Each structure stands twice: as structure tokens, then as C-alpha cells.
Amino acid sequence: MRMLLVSLAISVGAISTASANPRAEADASAGEALATPCAACHGQAGISPTPVFPHLAGQQMSYLAKQIMDIRDGRRVVPQMAGQVDDYDDQDAWNVAAFYAGLEPHLGQADDDDDLLARGEALYRAGDQDKGIPACSACHTPTGAGIGSAVYPALSGLQPDYTVSTLQDFAAGERDNDPNQIMRDIAAKMSDDDMQAVANYLYGLN
């Protein structure tokens, strides 16, 4: 009887843990309904019609959920999203993230300027040892897909304007929701030309 009760307690505990895990219960269909207003800036299929807003299609679910919750909680300030996610609970954030993660990512076309591409590829794949810039691919993978388990975002296909402005915000400390300030430290070492080069390279990376 004691073993039966212990087994039951373990089972109930496991069920309770699973049911308390918003990620495990993420519902893309519910997320699609919540994401309807998002289409104005991020597109019906998660492909933004304007260069200043990011594509969300194919983004890592863990990263996107974190950004939604950070914006909701004031840890990341995005003026264009003021009030948009204030009423979201954690489950809503995971549901919307699941919806966008399941969409086909954008395939961009980089500017084919040889010098720009070469510098962008060098930064992304090898970094710049003299400047203390690590390879972007170490965290974002060789294809730019990101690493969901580490909450590292997908970068491939992002609009260059958005990528550059994000790097500038990190460099200036205007965006500071990066764990261990990893992106602030890296971006602060990059010149404007470096940012433009890696942003162009990422736009065509897939």
C-alpha cells in the first residue's frame, strides 16, 4: 500500500509539473487567434511588410516567448508594442510563440557586394579576434537558426535595417534584456560598418 501511495504521489506530481509548464502546453491555434493584431506590423504569415519590424515566422519559440514576456513586464521597451501584450499571461506568450515558430521562415537575398559579403561572412563565422568579437554562429548556428534550448534566436532572413538597429540598441545599452549582457558586450565592439556587413550577410543566410 505504501508503495502504491508513493507511486501515485509521484504520478500526480509529474502531472502537476507538466500542467504547470506553459511551454509543454503551448497551443499554436490559440496563439494564432491572439496574434491577429500582430499582423499589422509582422504580417499575416509572420513576414513583416516593413523593414523596421522583425519577421517572426520560424523564430525560436523559447526566444519569442521570452521577448513577449519581457515586453509585458517592462524588461524590454518597445514603444510600438505599448499595451499590446499587457493582458497576456505566460501561457498566452507561449501560445503566440508556438504559432510563429511553426510558420515558414523568410528567405531574403543579401546585397551581392563582394567586400560587404566577405566581411559579413567573416564576422558571422569566425568573428574578429583583434576586436574581441566572437563568431555569431557559435550561438546562432551556421545556418542562423538559433538554439531554442539556450533561448538564442534565429537570425537568418531578418531585415538588415532591423538587425542594425537592434545591434545599435544593444551597443548603446538601450536594450538590456540579453542574458549576462552578452549582446551588449559584443555589439559595443562592432563598428557601424561591421553591423551593416553582418546584417546584410544574415539577410541572405538560410
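Atom set for the values below is all heavy atoms of this structure, side chains included, hydrogens, waters and symmetry mates excluded. Not measured: the values here are computed from a predicted model.
- Between M183 and L167, the closest side-chain pair of non-hydrogen atoms falls below 4.5 Å.
- When side chains are defined from C-beta on, Q60 does not count as touching V151, because their heavy atoms never get closer than 4.5 Å.
- The aromatic rings of H42 and Y100 lie perpendicular to each other, with more than 60° between the two planes, well past the 30° mark.
- Inter-residue side-chain proximity for L123 and Y201 is flagged as unmet; no heavy-atom pair is nearer than 4.5 Å.
- With hydrophobic clusters built from ILVMFWY side chains whose heavy atoms lie under 4.5 angstrom apart, Y162 does not share a cluster with L64.
- In the hydrophobic clustering of this structure, V78 does not group with Y63; members are Ile, Leu, Val, Met, Phe, Trp, Tyr whose side-chain heavy atoms approach within less than 4.5 Å, directly or through other members.
- Taking hydrophobic clusters as Ile, Leu, Val, Met, Phe, Trp and Tyr residues chained together by side-chain heavy-atom distances below 4.5 Å, I133 shares a cluster with I182.
- K131 and K189 get closest at one heavy-atom pair: O-CD, 3.4 Å.
- Between D92 and D87, the closest heavy-atom pair is OD2-O, 4.0 Å.
- The aromatic ring centres of Y203 and H55 sit 6.0 Å or more apart.
- Atom-to-atom distance recorded for C139:SG and I186:CD1 is 6.5 Å, nearest 0.5 angstrom.
- A distance of 8.0 Å separates CE in M69 from CZ in R75, rounded to the nearest 0.5 Å.
- Under the 3.5 Å distance criterion, with hydrogens and angles disregarded, a donor-acceptor pair is assigned to the side chains of D194 and S191.
- Within a 6.0 Å sphere centred on OH of Y152, heavy atoms belonging to other residues, nucleotides or ligands number 12 at most.
- Between Q84 and I68 the shortest side-chain heavy-atom distance does not fall below 4.5 Å.
- In this structure, M61 is not a member of the same hydrophobic cluster as L56, with clusters built from ILVMFWY side-chain heavy atoms closer than 4.5 Å.
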Legend entry - Audit row: Q168, D192, side-chain contact (heavy atoms from CB on, under 4.5 Å) steps and yes/no: CA-CA 8 Å; Q168 289 173 338; D192 288 344; 4.2 Å; yes
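- The environment of CD in Q109 is sparse: at most 12 heavy-atom neighbours from other residues, nucleotides or ligands sit within 6.0 Å.
- A distance of 13.5 Å separates CZ of R23 from CG of D90, quoted to the nearest 0.5 Å.
- A 4.5 Å side-chain heavy-atom check between W94 and E25 finds every atom pair outside the cut-off.
- With values rounded to the nearest 0.5 angstrom, L155 atom CG is found 5.5 Å from L202 atom CG.
- Between A110 and N200, the shortest heavy-atom contact is CB-O, 3.1 Å.
- Summarising the geometry of Q91 relative to P22, their closest heavy-atom pair is NE2-O, 3.0 Å, with the distance given to 0.1 Å.
- To the nearest 0.5 Å, atom CG of residue D73 and atom CG of residue N177 are 11.0 Å apart.
- In terms of modelled atom types and a separation under 3.5 Å, the side chain of D161 and the main chain of V52 share no donor-acceptor contact.
- Side-chain atoms of Q181 do not come within 3.5 Å of backbone N or O of D176 as any donor-acceptor pair.
- When atom types are taken as modelled, the side chain of S62 and the backbone of G148 share a donor-acceptor pair closer than 3.5 angstrom.
- No more than 12 heavy atoms of other residues, nucleotides or ligands lie within 6.0 Å of CG in N180, so this atom counts as exposed by the packing criterion.
- Between R72 and D89, no side-chain nitrogen of the basic residue sits less than 4.0 Å from a carboxylate oxygen of the acidic one, so the salt-bridge criterion is not met.
- Here the side chain of D70 pairs no donor or acceptor atom with the backbone of Q67 at under 3.5 angstrom.
- The minimum heavy-atom distance linking F99 with A28 is given by the pair CB-O, 3.5 Å.
- Judged by distance alone, with hydrogens and angles left aside, the side-chain atoms of T141 form no donor-acceptor pair with the main-chain N or O of S137 at under 3.5 Å.
- Nearest heavy atom pair, residue V198 against residue M190, reads CG1-CE, 3.8 Å.
- Put simply, CD on Q44 and OG1 on T36 are 7.5 Å apart, with the number rounded to the nearest 0.5 Å.
- D128 has a carboxylate O that lies under 4.0 Å from a charged side-chain N of R119, or vice versa, which qualifies the two as a salt bridge.
- For the pair T50/Q159, no side-chain contact is recorded, criterion being any heavy-atom separation below 4.5 Å from C-beta on.
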